[in-house]
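Data block below; observations after.
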Amino acid sequence: MPTCRNCNSRIDKFNKDRCPICGIENPFAGVSSDTVEITTNIDTSSLEYNPRKRRTMFVYFVVGGIFGLPFFYLYQKKAGFIYGLVNILLCALAIILTALLTTLNVGLVILIYLVGFIFLNTMVGLYFVNKANLKDGRGDFLE
């Protein structure tokens, strides 16, 4: 980055008529370079990069996979709503049909299917954890 010929402070190309520090006119007099180092002018403290993690996604599949929580974690709201709705409807349909067609206690039927759906979502979570080049809804790769 060019410096002022009077006070030697770093100034950018946009202040070529007057130095903002000492006020001298034509602070670039005698400087032959027209390039400016822009990396010192960019504030990177406000930039955040929080990649989504595969382990956290797997925990969401185990704990709340039936409701589509892992897809919400991956910024895929539409997939989360559809996955959760399909899971809940299939679970409810299976519970109702089993309760009507067998003589089992309704509480036992609900428990059996909830455990089954948790197991099923755990298997789906294992598939996603081992999937290569998995991206979230923002297009970032998962760690």
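- Both Val129 and Phe71 are part of a single hydrophobic cluster, where members link through side-chain heavy atoms under 4.5 Å apart.
- The shortest non-hydrogen separation linking Asn121 to Ile66 is ND2-N, 3.4 Å.
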Please tabulate, for side-chain N and O atoms in residues 90-102, each donor-acceptor pair with protein atoms closer than 3.5 Å (sequence neighbours left out).
residue: Thr98; atom: OG1; partner: Ala94; partner atom: O; Å: 2.7
residue: Thr98; atom: OG1; partner: Tyr113; partner atom: OH; Å: 2.6
residue: Thr102; atom: OG1; partner: Thr98; partner atom: O; Å: 2.6

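- Residues Val59 and Phe119 are members of separate hydrophobic clusters, defined by side-chain heavy-atom contacts under 4.5 angstrom among Ile, Leu, Val, Met, Phe, Trp and Tyr.
- When each of Phe61, Tyr83, Phe81, Tyr60 is checked for a ring-ring contact (aromatic ring centres under 6.0 Å, His included) with Phe72, only Phe81 meets the rule.
- By the 4.5 Å heavy-atom criterion applied to side chains, Asn87 and Phe67 are not counted as neighbours.
- Of the possible polar contacts, none joining the Arg52 side chain to the Leu142 backbone as a donor-acceptor pair under 3.5 Å is found.
- Tracing side-chain contacts under 4.5 Å through hydrophobic residues (I, L, V, M, F, W, Y), one never reaches Leu111 starting from Leu114; they form parts of separate clusters.
- Both Ile82 and Phe117 belong to a single network of hydrophobic side chains, linked directly or stepwise wherever heavy atoms of I, L, V, M, F, W or Y lie under 4.5 Å apart.
- Residues satisfying the salt bridge (Lys or Arg N to Asp or Glu O under 4.0 Å) test with Lys53, not counting sequence neighbours, are Glu143.
- To the nearest 0.5 Å, the span separating CG on Leu85 from CG on Leu89 amounts to 4.5 Å.
- Taking all atoms of both residues into account, the shortest heavy-atom contact from Cys7 to Cys22 is SG-SG, 3.8 Å.
- Pairing each heavy atom of Arg54 with each of Phe128, the nearest pair is NH1-O, 3.4 Å.
- Residue Leu108 holds its CG atom at 4.0 Å from CD1 of Ile112, rounded to the nearest 0.5 Å.
- Residue Val115 is not grouped with residue Val109 when hydrophobic side chains (ILVMFWY) are merged at heavy-atom distances under 4.5 angstrom, including chains of intermediate members.
- Screening residues 110-138 for salt bridge (charged side-chain N to carboxylate O under 4.0 Å, His left out), with sequence neighbours left out, gives no hits.
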